[in-house]
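So the structure is just underneath, and the comments pick up after that.
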Amino acid sequence: MAEGLRRGSPGMKSIKDMAMRQDGPPPGGFPAIRYGRKIPNSGPSGVAIFGIGAIIMAYGFYKVGQTNHKRKDWKREKLRARMDIMPILQAEEDIRFVEAQKKAWELEAKIMKGVPDWKVGERAYKTRWMPPNTGIIKPS
Amino acid sequence: MSYILGVLLKILGLVVPLLLGIAFMVLAERKVMGSIQRRKGPNVVGVFGILQPIADGLKLMVKETVLPSNANLMIFLAAPVLTFMLALISWSVIPFGDGLVLCDLNIGVLYLFAVSSLGVYGVIMAGWSSNSKYAFLGALRSTAQMVSYEVSLGLILISTLIFAGSLNFTEIVESQKGVWFAVPLFPLFIMFFISCLAETNRAPFDLPEAEAELVAGYNVEYSSMAFALFFLGEYGNMILMCTFCSIMFLGGWLPLVPEAMDFMPPGFWLGLKAAFFLFGFIWVRASFPRYRYDQLMRLGWKVFLPLSLAWVFFVSGLMIGYDWLP
């Protein structure tokens, strides 16, 4: 049969001479093929999605603002508490300072005992003594 | 002495799980990408291929380090070490819970940014010292990309910093107790994630390692442990960026439902959120084709930069207008 199909072969003058006919289109041709993408046009519209998104974001902004207000209040409260106990903190610091200075002077006397007319605790600067203000008001 | 020992133990406690995490991240990536592409992924070494990263690491360690004869050796060897080191030291400011942090810097965000900017040097040193045109071109691309996206990354962060009023990571997380910053800043959150992809040179922005044109980017000439250090640094940066993203936008260690889920440890929540982003990284890699270089630059400079700048104005205007500043 393959020989019968060859072009110009003797014996076959028309397609109808073929032993078996090839498939052809149905009468009137095939229906048109839909080749465009089928994207469903359902669900919320773009405007709706945008609107809902904007509402959620606005709520988020509001909530952040509220949280920040609360944080500010907590910070203020902490600061007030720290300021209220400031005298106690300062007194404790003074005790620590006096003890530390006593120790430092003792050490100085021990180190400098070989030096004649050395005055322990004397400073090169002639300034008035100020209480060391080491209390931290800023909350950590 | 005991103090130094304690600090060293703390650092080890941070670095060892991190390196293990990087190793298994590689396995997770191959497994997830396999599932997305309907393959099995590694399944030969150990049960479900669970020992694959260890086998890979061992292979890289025992191989010979090939040193190109025309390379600038000092810089060539310093580059992977620098990349790896920078990827590790940025973890020192990441809080895993309230107080669970190596060093609670009050300028933590700035520190993290500075360190991740220095990462560019590792790349450019590697590319230049290799004395190979592929490595050099790859390094130039990579550097330009990282520098470009750092700008938008920084501008996006400014909005969150206005919300939190602090550069301290712990305080940033604490300020998200009301609502996670991803809710009011959703568009910025998406932009931040995309910028993170570009910053870590991940798909679809993995131009630097364009296999077809540049063989593998700036690390063509590297082999064995030197390559492994680059690899570890890259994946370490990826996990870092994901953690950064979850701290800035998804409330760090805060639980999903504030009071009902407090029984879980805070580190679990941070890990879960970071893993969510890491999965996103892999998902994006498996789904999207690579960007063209000019498209990448356009996205960074002409889309993200103006958009994030506009958001800074919008957010600061709103916060001042309604007196919502912290």
Side-chain angles (χ1 to χ4, degrees), chain A residues 35-86 89 92-93 96 99-100 103-104 107 132-140, chain B residues 98-99 101 103-106 108 156-168 170-192 248-252 254 257-258 307 310-326:
Chain A
Y35 51 83
R37 286 182 69 194
K38 288 177 186 166
I39 301 167
N41 203 10
S42 57
S45 68
V47 176
I49 293 172
F50 186 85
I52 292 166
I55 288 168
I56 293 173
M57 275 166 60
Y59 169 75
F61 270 103
Y62 170 75
K63 199 82 175 140
V64 166
Q66 294 306 305
T67 314
N68 279 349
H69 276 296
K70 260 189 217 160
R71 280 170 68 212
K72 244 196 271 187
D73 288 348
W74 289 331
K75 258 186 210 163
R76 198 175 295 130
E77 191 188 329
K78 212 169 175 181
L79 189 68
R80 294 297 309 212
R82 187 62 75 93
M83 279 158 81
D84 287 349
I85 58 166
M86 197 59 214
L89 291 178
E92 289 207 350
E93 171 57 25
R96 190 202 65 80
E99 277 172 1
K103 233 183 231 174
L107 188 67
N133 187 5
T134 46
I136 303 155
I137 295 184
K138 199 173 149 252
S140 56
Chain B
D98 196 3
V101 52
C103 174
D104 199 13
L105 281 186
N106 55 359
I156 291 166
L157 278 187
I158 289 180
S159 297
T160 58
L161 295 180
I162 291 172
F163 273 6
S166 170
L167 287 163
N168 179 305
T170 308
E171 188 141 358
I172 289 171
V173 173
E174 294 285 338
S175 65
Q176 295 183 57
K177 274 190 172 155
V179 68
W180 295 353
F181 289 165
V183 176
L185 297 176
F186 189 72
L188 281 187
F189 166 59
I190 301 293
M191 276 160 66
F192 191 82
M248 297 311 282
F249 287 98
L250 289 193
L254 301 177
V257 182
L307 215 56
W311 263 91
V312 170
F313 280 105
F314 174 64
V315 167
S316 44
L318 217 58
M319 296 299 274
I320 292 172
Y322 285 99
D323 191 25
W324 283 340
L325 285 171

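Lettering follows sequence order; numbering is per chain, from 1.
Between chain A and the options B:Gly178, B:Gly165, B:Ala182, heavy-atom pairs under 4.5 Å are most frequent for B:Gly178.
Across B:Val179 and A:Thr67, no two heavy atoms sit closer than the pair N-OG1, 4.5 Å.
Ring geometry for B:Trp311 against A:Phe61 counts as parallel: the plane angle stays under 30°, on a 0 to 90° scale with 60° as the upper cut.
Ionic pairing of A:Lys75 and B:Glu171 is present here: one or more N-O contacts between side-chain nitrogen and carboxylate oxygen are shorter than 4.0 angstrom.
Here the side chain of A:Asn68 pairs a donor or acceptor atom with the backbone of B:Trp324 at under 3.5 angstrom. Panel note: side chain A:Arg71, backbone B:Ala164; a donor-acceptor pair is recorded below 3.5 Å.
Near-neighbour residues of residues 47-60 of chain A relative to chain B, defined by a heavy atom under 4.5 Å from a heavy atom of that chain, comprise A:Ile56, A:Met57, A:Gly60.
You'll find the side chain of A:His69 reaches within 4.5 Å of the side chain of B:Asp323, heavy atoms only. For the pair B:Pro326/A:Lys72, no side-chain contact is recorded, criterion being any heavy-atom separation below 4.5 Å from C-beta on.
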*Audit row: B:Gln176, A:Val64, side chain to side chain contact (heavy atoms under 4.5 Å, CB included) steps and yes/no*: CA-CA 8 Å; B:Gln176 295 183 57; A:Val64 166; over 6 Å; no

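The number of heavy-atom neighbours closer than 6.0 Å to CD of A:Glu77, taken from other residues, nucleotides and ligands shown, is 12 or below.
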